[in-house]
Structures are given as structure tokens and as C-alpha cells.
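Each ligand, and each atom within it, is numbered from 1 in the order the structure gives.
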Amino acid sequence: MIRIHKHGHHGILLPDFDLGLDISGASAKHIFISHAHADHVPSNRNLSVYATPATAALMRVRGFKGEITQLPFHQTISLGDSNVTFFPAGHILGSAMTYIETPQGSVLYTGDYRYPASPASEGFFCPEKVDYFITEATFSLPLYRWKSQETLFDQIRDFVRESKQFNQVPVFLTYTLGKAQEVMMALEPLKIPLQVHDGAYGLCKVYEEFGLNIGVYSKINLDTVNNSIVIIPMSYLSSATMLEIPNIRTAYCSGWSDLESRKSYSSVDKHLSISDHIDFFELIDLCKRLNPKHVFITHTPNPEVVSHYLSNLGIASSPLDSTGFDD
Ligand SMILES: [Zn+2]
Ligand SMILES: [Zn+2]
């Protein structure tokens with residue numbers, strides 16, 4: 001019997017092994033953090049946790065004060081009855097899937113992941129055999145199918161060329177961690193200076209430290225902005241600084257459908273479907289390949305749609321709720 005419980009909004013607890021995955025409190029002795037996005041990092045900033053070296057560096061930039069034991073990818077740590085290994089999750093720099101081998105079977109917790117991997121990450125690796133697969137399913141409807149990275153990178157560069165033709169300043173609206181740096185990688189060959197939001201600047205430095213080429217960039221500077229490309233979070237668009245640039249053209253980078261983003265952001269000029277999560281079909285394919293005893297679906301608005309497709313493949317699944325799963 002293996003016990004897997006949901007803990008708090010995002011976390012997972014394996015109480016028999018004293019393991020916590022992306023949990024916020026001190027309810028487990030050993031806490032593993034999948035990646036540095038705010039919804040996965042403990043709100044208690046003084047906790048002792050395990051993370052990959054890149055995740056540790058990104059967490060520090062974002063103000064995490066607790067002790068971080070660095071566990072590089074593919075290295076296994078033994079903790080009593082369990083062995084724990086991080087594998088690259090392809091979501092953002094440092095993002096890891098957590099693989100736990102126990103006498104009751106193996107568990108793979110994806111955290112957030114993307115396969116094929118984001119070019120601004122360490123790639124993607126998945127073990128051959130998994131008994132219990134805990135997967136996020138952010139884009140859990142069959143309307144989500146991503147374009148290839150090549151096509152998306154072309155769209156990013158085309159948007160800049162179009163903007164420059166009309167003497168407009170291209171502005172990409174993205175999350176500051178992950179997608180911003182991916183957009184910067186796509187823009188690098190254009191050799192046009194990039195200007196990023198303050199919150200992204202320190203994170204960009206970490207990407208460089210870990211060997212990614214994200215081009216030449218600075219913080220936002222109104223004196224030179226006309227010859228630059230701007231990358232900011234959506235929330236910064238209405239800031240006093242941005243309002244001083246009269247001739248902007250905006251591209252909103254998000255996996256959410258055109259329709260949904262148009263509903264919320266009718267003011268953007270272009271929508272680019274760039275996501276740092278797996279799409280619906282990639283998710284189903286991966287489950288098929290792993291063929292686990294049970295799939296737990298988390299982080300999703302539509303678990304029943306995923307379950308329906310999995311049951312057609314003969315794979316048992318359920319959303320992971322706070323009552324947990326005892327098998
Ligand atoms: Zn994430
Ligand atoms: Zn997340």
C-alpha cells in the first residue's frame with residue numbers, strides 16, 4: 001500500500017516516507033521543490049528543502065532564505081526506505097520531475113513540465129517505468145495542441161520585423177521567469193538590444209550563469225527604448241514607465257486559447273500561443289508510454305476530460321484531492 005496525499009494548494013505528501021513535494025509548511029522531514037515558480041516555492045521562506053542547483057539560484061534571487069540542499073539531475077539520494085532522483089522537466093531552467101522509488105512501487109511527480117522541452121531549460125528526461133504518475137494537466141482539453149518551437153520562434157521574430165516596419169516598439173508580455181528568457185533566446189539572432197522588467201533582470205543573470213544565450217539585455221531605459229525590444233509582465237503594461245512610450249505594439253505570450261486571452265486582454269495587438277506546459281495530446285501520449293498503475297491528475301480545471309481519454313487506453317486515473325489515495 002502506498003499513501004499519496006494532497007497537501008495545501010499545490011503540495012503532495014508521502015506520509016510513510018516523510019516526503020513532501022512542493023509543500024509549503026514543515027509537515028514532512030524531506031521537502032523537494034520542483035522549480036522556482038512562486039506557486040511551487042514554499043511561502044515559508046525559512047524552510048529546509050532540496051532543489052536542483054539552478055532552482056536554488058533562482059529561489060535565492062526571489063528571496064528564499066531557508067537552507068537548500070542542492071541535488072543535481074540524475075543523482076539519487078537515499079532517505080530511509082526511499083530513493084529520490086530529480087530528472088529534467090523541460091518547463092523552465094532548473095525545473096525537475098521528482099522520481100521516488102519505494103518498496104511499494106515508484107512514484108513520478110512531474111511538477112510543471114513540458115515535452116518536447118523548452119529550449120530555455122535543461123531538456124526532458126522520463127524514466128521508462130513508473131507505477132504511480134502524478135501529473136499536472138494545466139491544458140487539459142483537446143483544443144490545446146502547440147505549434148513547433150521553430151514556428152513559434154519565427155512568429156516571435158516576425159512580430160519584431162512587423163513592428164519595426166511601422167516604427168513601433170515591440171513589447172512582449174510574458175511571465176518574468178521562464179517564458180521571458182525563452183522569448184529572449186528566440187530574439188537573440190536578431191541582434192537587437194533587449195530591455196527587461198526589473199523583476200526579470202536578476203533571473204536572466206542566472207540563465208546566463210547556467211550557460212544559456214539570451215542575448216544582450218538591460219533594464220528598461222526610456223532614452224534607448226525606441227531601438228530596443230521590450231519584455232515585461234502583463235501587469236507592468238499600465239505602469240507609468242510604459243505609458244511614456246507612445247508607439248508600442250504588444251504581443252501577449254500565453255498558452256491559453258486566443259478566445260480566452262481575447263476575453264481578458266482585448267487591448268493586445270497579437271497573441272502568441274507559447275506555453276511552458278505540456279499540451280493535451282502530449283500528456284495523453286506520455287501516459288500511454290509510461291502505462292502506470294494509476295495516474296493522479298493535479299493542477300487542472302478539467303480532470304474528467306483527461307480521465308476519459310486515459311480510460312479509453314485502459315489507464316486508471318483520478319484527481320488527487322485532499323483525502324488522498326491509499327493503494
Ligand atoms: Zn511552473
Ligand atoms: Zn505551477
| request: Report the C-alpha distance between Tyr201 and Tyr217 in whole Å, list the side-chain angles of each, state the deciding distance to 0.1 Å, and finish with yes or no for ring pair (Phe, Tyr, Trp, His ring centres under 6.0 Å). | output: CA-CA 8 Å; Tyr201 189 80; Tyr217 62 94; 5.6 Å; yes

| request: Determine the interplanar angle of the Tyr144 and Trp256 rings, folded into 0 to 90°, and report it as parallel if under 30°, tilted if 30 to 60°, perpendicular if over 60°. | output: perpendicular

| request: Determine the interplanar angle of the His10 and His40 rings, folded into 0 to 90°, and report it as parallel if under 30°, tilted if 30 to 60°, perpendicular if over 60°. | output: perpendicular

| Of all N/O/S atoms in His37, which lies nearest to the Zn ion (ligand 1)? | ND1

| said: Would you call the rings of His35 and His37 parallel, tilted or perpendicular, taking 30° and 60° as the class edges? | reply: perpendicular

| said: Looking only at N, O or S atoms in Asp112, which is nearest to the Zn ion (ligand 1)? | reply: OD2

| remark: Answer key: the N, O or S atom of His40 nearest to the Zn ion (ligand 2) is NE2

| said: Taking the ring centre of each residue, are Phe86 and Tyr50 less than 6.0 Å apart? | reply: no

| message | Let me check your reading of the structure: within less than 2.8 Å of the Zn ion (ligand 1), is there an N/O/S atom from His91? | response | yes

| query | Between the Zn ion (ligand 1) and His277, is there an N, O or S atom separated by less than 2.8 Å? | reply | no

| Shortest-distance N/O/S atom, Asp39 versus the Zn ion (ligand 2) | OD2

